[in-house]
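Notes follow the structure.
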Protein chains: 2
Amino acid sequence: MKARRQLPTQTDVAEAAGVSTATVSRVINNQGAITPSARQRVQEAIERLNYVPHAGARALAMQRTHTLGAIIPTLNNAIFAEGINAFERTAQSLGYTLLLSVSQQDLQHELALVIKMIERGVDGLLLVGNMHEEAVFDRLEQAEVSHVCTWAYDPAARAANIGFDNAQSMHAVVDHLVTLGHHNVGMLAGQVQHNDRARDRVVGVRSRLNHHGLSLSEANIIELEYAIEPSRVALRQLLNRGVTAVVCGNDVIAYGALLEAQTLGRRVPEDLSITGFDDLSLSAQLNPALTSVQVNAVAMGKAAARQLTDAVEGRADMASVQMPTQLVVRQTTGPCKR
Amino acid sequence: MKARRQLPTQTDVAEAAGVSTATVSRVINNQGAITPSARQRVQEAIERLNYVPHAGARALAMQRTHTLGAIIPTLNNAIFAEGINAFERTAQSLGYTLLLSVSQQDLQHELALVIKMIERGVDGLLLVGNMHEEAVFDRLEQAEVSHVCTWAYDPAARAANIGFDNAQSMHAVVDHLVTLGHHNVGMLAGQVQHNDRARDRVVGVRSRLNHHGLSLSEANIIELEYAIEPSRVALRQLLNRGVTAVVCGNDVIAYGALLEAQTLGRRVPEDLSITGFDDLSLSAQLNPALTSVQVNAVAMGKAAARQLTDAVEGRADMASVQMPTQLVVRQTTGPCKR
DNA sequence: TGACGCGATGTATGCGCATACATTGCATTG
DNA sequence: CAATGCAATGTATGCGCATACATCGCGTCA
């Protein structure tokens, strides 16, 4: 499939337009002064031949690819998909194309993907979270590729962050539940092992409970994957331990908890309070509507794309920005009746 | 950000290893015969210098990028996200990187994106549906870029298809409802304008109803965007028209219908039957669990990646494959009581 | 032992483009 | 009218790599 072989090249356009390749290059890149007539002849030739510049050759000559990379844990998570969707749209509108890879939560694999991204010469790279192999940063710095870690905010992070403080975001949740009188709360957490976001959310819940003189016993924390079925199972365990409120690490886990509670005939929120995290659009529609922490994935995606391109084009250096989160109280949380 | 400038090049590696660049290239590409000792020296040099080949230069020299493109309507749709996730994973495992763009259902924009993909020299391209500008195919053929249209199956399509027959997939749904005694059925369809999948699903419902001697009046079809809130509104309209069953163009619309029905105090399925399409993982968990049409997005993504790479590497030509869909009957459909 | 073949490696070239530098032509100025 | 300057364009080069072709060295066989 020697696709390129017969595709028209800049030289073909130059001949067809009766100019030199330099002139063709100039009209394409809008550089230098060009006679209107020459410009027009070139543009017509381009159109007529369906000429398309060769990005690889361009990258070689310019040392720029106009490509942005993103490596995310998975697309099977609506909130990441939403963020990437915004990232792509913004990048596209700024003249950049998206190179996307999924790491499947595997840090070693992520490192390999980062190297691939460097190979492809991405001008900037988006990563998720602050938990990465050190070599990731070493390589990116060596290659001078601008990069940003999203979905987290930590002033001490090695790279610039565009995201929110996962631990602190849980404070409002805990405060809310405590105010409602809950003192035996459980947590259905995402898997913490290679996931600083999930870990920090647990940390946030625990520390804030402590702040209120309460505690989160180890047995009241259950770690599970991003899926409904395991969440249902886990909820039953927590109920056996007599919790009156369940803080979930994300909305999908919360859906599982809510559905299982209903299946078991528990009233929500009268018998059990449940909170989510992410505030997916479905959450507001459920019955009862889910109390959740709203994070602005779209804003993060946009900001990341804008910052990266600003950095690439020399307009500004990468800088961390902390995004707000907001507890949205709906119908799955209520006063503790016990 | 002249990132590349100071990055080690093949020449640096050659020097460090005491060989020529040709030898370096050979060990990298595993070509020709290389003395074990030479190979090792090269590999050590690569490691030591953190050498990374320049994909652009490679593309120039080889007329291949080892990149696969995908242009999808949006990522804010779990089923596409799932399919793309599988596509990426498969492509990655075959040595290809994913270039992803979202068209936002805009065919003109899609054409522009296709041209960008050709610029980037993608070796293969995945598209969604069969509704595209003719120029899309003209360009892809001219550039000899292998491509495939997914999420649809039409033997008459201009490009190879890997997907299912959207119209025919609705037959089982209609048959099911008719068997249950429904004769006044409504449809909440996705937007049909620039979307052959949504359109075909409407066509399938209508033609199959006709087949049973029933009909789907214009007024019983409501077109709406992919979201819950508009679906709730639309459901009320259909209820006013006395429908006993509602066929939805996708699961998200079905969620809206189900939730609204519950809000209005209608019993599902006793008072109203509802069906979805896509069978998202949440659908089986709802209460009542949603009757839906299962499509295998993961299989489509995998198959597309495999076929494209097979074509690129000359192992096989692109060929259409029809994927099955399956009606999964759950609890939102029941006998018509009227 | 000399011719030959083959494995291992090096040399040189071109992929398509951007761009520094050279060149040309023309208007402007004294 | 000659000198000057600048706008418009062309020419030549290199970006980093793969690879065709040339070369070298060594074992093999007659």
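So you know, we letter chains A, B, ... as the sequences are listed, proteins then strands, and number each from 1.
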If you measure from OG on A:Ser320 to CD on A:Gln307, what distance do you get to the nearest 0.5 Å?
8.0 Å
Report the relative orientation of the aromatic rings in B:His66 and B:Tyr96; use parallel for angles under 30°, tilted for 30 to 60°, perpendicular for over 60°.
tilted
Whole-Å distance separating the NE2 atom of A:His66 from the C1' atom of C:dC17
13 Å
Within 6.0 angstrom of B:Arg139 CZ, more than 12 heavy atoms from elsewhere:
yes
How many angstroms lie between atom NE2 of B:His147 and atom CE of B:Met117, to the nearest 0.5 angstrom?
14.0 Å
What is the distance, to the nearest angstrom, from the CE atom on A:Met62 to the P atom on C:dA20?
13 Å
Rounded interatomic separation in angstrom, taking CD from B:Gln31 and P from D:dT19
5 Å
For nucleotides 7-9 of chain D, list the nitrogen or oxygen atoms of the protein found under 3.5 Å from its nitrogen or oxygen atoms, one pair per line.
| residue | atom | partner | partner atom | Å |
| --- | --- | --- | --- | --- |
| D:dA8 | O3' | A:Thr35 | OG1 | 2.8 |
| D:dT9 | OP1 | A:Thr35 | OG1 | 2.9 |
| D:dT9 | OP2 | A:Thr35 | N | 2.8 |
| D:dT9 | OP2 | A:Thr35 | OG1 | 3.2 |

Rounding to 10°, can you tell me the angle the first-five-pair axis of the helix from C:dT1-D:dA30 to C:dG30-D:dC1 makes with its last-five-pair axis?
50°
B:Asn76 and A:Glu82: which non-hydrogen atoms are nearest, and at how many Å?
OD1-CA, 3.3 Å
Nucleotide D:dA18, atom C1' - distance to CD of B:Gln63 in whole Å:
11 Å
Closest nucleotide among D:dA12, D:dC15, D:dG16 to the A:Thr21 side chain
D:dA12
Respond yes when some side-chain nitrogen or oxygen of A:Arg58 is under 4.0 Å from OP1 or OP2 of C:dG16, and no when none is.
no
Give a yes or no on whether a salt bridge exists between A:Asp138 and A:Arg158, defined as a side-chain N under 4.0 angstrom from a carboxylate O.
yes
Whole-Å gap separating P (D:dC15) and CD (B:Gln10)
13 Å
What's the CG-P distance between A:Leu7 and C:dC15, to the nearest Å?
14 Å
Would you mind reading off the distance between B:Asn30 atom CG and D:dT19 atom C1', rounded to a whole angstrom?
16 Å
Comparing nearest nucleotides in DNA chain C, the 5'-proximal residue of the pair B:Leu60, B:Ala22 is B:Ala22
Between B:Arg64 (CZ) and C:dC15 (P), how many Å, whole number?
19 Å
Taking atom types as modelled, is there a side-chain donor on A:Asp154 or A:Asn161 under 3.5 Å from an acceptor on the other?
no
Mind checking if B:Thr9 touches a base, just sugar-phosphate, or nothing, with heavy atoms under 4.0 Å?
sugar-phosphate
Show me the side-chain donor-acceptor pairs of residues 39-46 of chain A shorter than 3.5 Å, one per line, residues at least two apart or across chains.
| residue | atom | partner | partner atom | Å |
| --- | --- | --- | --- | --- |
| A:Gln40 | NE2 | A:Glu44 | OE2 | 3.1 |
| A:Arg41 | NH1 | A:Ala17 | O | 2.9 |

Is there a side-chain contact between B:Met131 and B:Asn195 in this structure, where contact means two heavy atoms from C-beta onward sitting under 4.5 Å apart?
no
